[in-house]
Amino acid sequence: MRILSSDVKSHIGEKVHIEGWLHKKRLLGGLTFINIRDRRGLTQVVLENKDEVEKLRGLQIGTVLSADGTAVTEPRAPGGAELHDATIDIFVRVTDEPPIEIDKPIQHKSENLDTLFEYRALNVRNLQEQKIFKIRASLLRYIREFLTDHEFVEINTPKLIAGATEGGAEVFKLSYFDQEATLAQSPQLYKQMMVGAFERVFEIAPAFRAEPSATVRHMTEVYMLDIEMGFVNSHDEVLDMVGDMTLHALGSAYQEHAEDLKSLNAPPLVVTDKVPQITVAEIHKLYTKATGTDTTEEKDLIPDEEKWICEYAKKQLGSELVFATHFPVEAMKFYHQVNPEDPTTVLWADLLFRGLEIATCPLREYHYDKLVEQMKKVGMDVDHPGYKYYLQAFKYGLPQHGGCGYGIDRLVEKTIGLGNVKEATLFPRDINRLAP
RNA sequence: GGGCUCGUAGUGAAGCUGGCCUAUCACGCCUCCCUGUCACGGAGGAGAUCGCCGGUUCGAAUCCGGUCGGGCCCGCCA
């Protein structure tokens, strides 16, 4: 019966059987230590019998094996327990020398990220590297937990779609039998349609962007959390939901992974009970005053401004999370709702975290006639199959609604304090990389 | 797409104002020694036509041109 590494200490005095990968060997002459890795971590096994050590001759790290031995308490052992009088049994012999070392910190210097991804299948065997993806899984779990608790229904929408969905980002085109199809840049239109059925929906899925961006914050395939909620009376209701969800996910992950985050040099989390809001116009004003670079004419926030306002929010407001609200109407998308109290702005906010935009959270235009008008204004074909089914939902009744498009990769990157969104992604896709 | 920058054993780096480079170091690998290691330690060893092509030169890892491949910033970006 196999037991796992973390359970060895609860079987002291018993003969136990463990299975895993050879993670490290240290031969000290008459005494040999090996570390066996399983899904929980490492077990130190002591081999004193020369025949057992000889079984490992020529075998490399990664060899799959089992060990049978007596679990003993040993203060000198990592974790306080280890296996003695062990015999080993080899399952899979690995004789090729691995191209990278996995028992030492994995290089994350930007110049070496290419090597990181080249050997991704191997470097996630590094215990530190694994933590990134366990934390990612936890963040997703807490997000699902929060949304489910708030009566959101998780949906799945198609990624193969007919023609252009919207202006903006470039789409990937592909042949679909005798038609042309595109890969979805976002589930935007579908999630809005589903408000008509479920009121509250969310989806966690990849989105595809054919932008030739070569930066530390862009990929061509990104994991998006999309949320949409109906019957909202104000933009703040949406921002509160997204803000509270983020606080729940971050707070819980920071608690669950306190040690992991510390060992990854993640910065301590500085947040308040509610995510503070600052208008874009105010940010431009503050930034211009502080740096001398005039951004008051910009319609969006420039990258340096995003960094600056996050520093400002942390120092002045005690929060590393901040909403930049009221984007100017010049930057609006056809489905955004113009601010009824100030037609020069739209009810659209971006959630910024540690210097980076991680979510965009607008209130939608929900009146059929107004929406059609806004679409026609930007030259969209409302009869195109990409839009006509979307408009059906509005024609037959959608309440006021809003939501967000939320970059999961960016959230993970910033939570851990990594420098590049690709480091938070197992198999990143960018202009140059399509494999592994 | 524009600008800048980098390419040297399996990995990470040094050398790069030309010759002392027959290319250095660390980790990994191989052999041997070592009974408490945990980035074990010690002795020895193998492993690189210095991304590729061409040029300048008596001589190129080093200078020049081209090319291929990375990276960073800007732009683009539901």
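First the proteins, then the strands, lettered A, B, ... as listed; each starts at 1.
Using a 4.0 Å heavy-atom criterion, one finds that A:Asp226 contacts no nucleic acid atom at all. Counting non-hydrogen atoms under 4.0 angstrom, A:Ala214 reaches a base of the nucleic acid.
If you take CD of A:Glu306 and P of B:rC74, they are 10 Å apart, rounded to a whole angstrom. One atom, CD of A:Gln185, and another, P of B:rC77, lie 11 Å apart when rounded to the nearest Å. With rounding to whole Å, A:Ile100 atom CD1 is found 17 Å from B:rA9 atom P. The interatomic distance linking A:Asp304 (CG) with B:rG75 (C1') rounds to 15 Å, in whole Å. A straight line from CG of A:Asp300 to C1' of B:rG75 spans 13 Å, rounded to a whole angstrom. Whole-Å rounding puts the A:Phe117 CZ to B:rG69 P distance at 19 Å. B:rC74 atom P lies 9 Å from atom CD1 of A:Ile302, rounded to whole Å. The distance from atom CD1 of A:Ile431 to atom P of B:rG69 is 12 Å, rounded to the nearest whole Å.
Taking every heavy atom of both residues into account, A:Ile12 and A:Ala81 meet most closely at CD1-CB, 4.2 Å. Residues A:Glu423 and A:Phe117 share a closest heavy-atom pair of N-CZ, 4.2 Å.
Each of A:Arg410 and A:Gly419 has a nearest nucleotide on RNA chain B; the 5'-most of these lies closest to A:Gly419.
Taking every side-chain heavy atom of A:Pro99 into account, B:rG10 is the closest of B:rG12, B:rG70, B:rG10. Counting only heavy atoms from C-beta on, A:Pro303 has its side chain closest to B:rC74 among B:rC73, B:rC77, B:rC74. In this structure, of B:rG70, B:rG12, B:rC73, it is B:rG12 that holds the atom nearest to the side chain of A:Asn112. Listed nucleotides B:rG10, B:rC77, B:rG12 differ in distance to A:His218; the shortest reach to its side chain belongs to B:rC77.
Between the side chains of A:His257 and A:Asp260, a donor-acceptor pair is found at a separation under 3.5 Å. Checking A:Thr295 against A:His284 by side-chain atom types alone, a donor-acceptor pair falls below 3.5 Å. When only modelled atom types and interatomic distance are considered, A:Thr115 and A:Gln107 share no side-chain donor-acceptor pair under 3.5 Å. When only modelled atom types and interatomic distance are considered, A:Gln44 and A:Glu74 share no side-chain donor-acceptor pair under 3.5 Å.
Using cut-offs of 30° and 60° on the angle between ring planes, the pair A:Trp348 and A:His336 is tilted. Taking the six-membered ring for Trp and thresholds of 30 and 60 degrees, A:Tyr312 and A:Trp308 have nearly parallel ring planes, at less than 30 degrees apart.
Side-chain N/O atoms of A:Asn432 include one lying less than 4.0 angstrom from OP1 or OP2 on B:rG71. Considering only side-chain N and O atoms, A:Asn420 lies nowhere under 4.0 angstrom from the phosphate OP1 or OP2 of B:rG71. Look at A:Thr115 and you'll find a side-chain N or O under 4.0 angstrom from OP1 or OP2 of B:rG12.
Look at the C1' atom in both B:rC21 and B:rU67: the space between them is 27 Å, to the nearest Å. Nucleotides B:rC50 and B:rG7 have their P atoms positioned 14 Å apart, rounded to a whole Å. B:rA60 and B:rA23 have their P atoms separated by 15 Å, given to the nearest Å. Between B:rG28 and B:rG47, the two C1' atoms lie 11 Å apart (nearest whole Å).
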Quiz item: Could you write nucleotides 27-40 of chain B as a row of B, S and -, 5' to 3', where a protein heavy atom under 4.0 Å of any base atom gives B, of only sugar-phosphate atoms gives S, and otherwise -?
Solution: BBSSSS-BBBBBBB

Using nucleotides 42-47 of chain B, report all nitrogen or oxygen pairs with the protein that are shorter than 3.5 Å.
none

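Nucleotide B:rG1 is matched to B:rC74 when pairs are restricted to Watson-Crick or G-U wobble geometry with both distances under 3.5 angstrom. In this structure B:rC20 sits in no base pair that meets the Watson-Crick or G-U test at under 3.5 Å. Nucleotide B:rC27 is matched to B:rG10 when pairs are restricted to Watson-Crick or G-U wobble geometry with both distances under 3.5 angstrom.
The environment of A:Arg2 atom CZ is dense: over 12 non-hydrogen atoms of other residues, nucleotides or ligands sit within 6.0 angstrom.
Taking A:Thr279 as the reference, A:Ala281, A:Glu282, A:Thr325, A:His326 meet the side chain to side chain contact (heavy atoms under 4.5 Å, CB included) condition, with sequence neighbours excluded.
Using modelled atom types, no side-chain atom of A:Arg410 and backbone atom of A:Val421 make a donor-acceptor pair closer than 3.5 Å.
A donor-acceptor contact under 3.5 Å links the side chain of A:Ser213 to the base of B:rC76.
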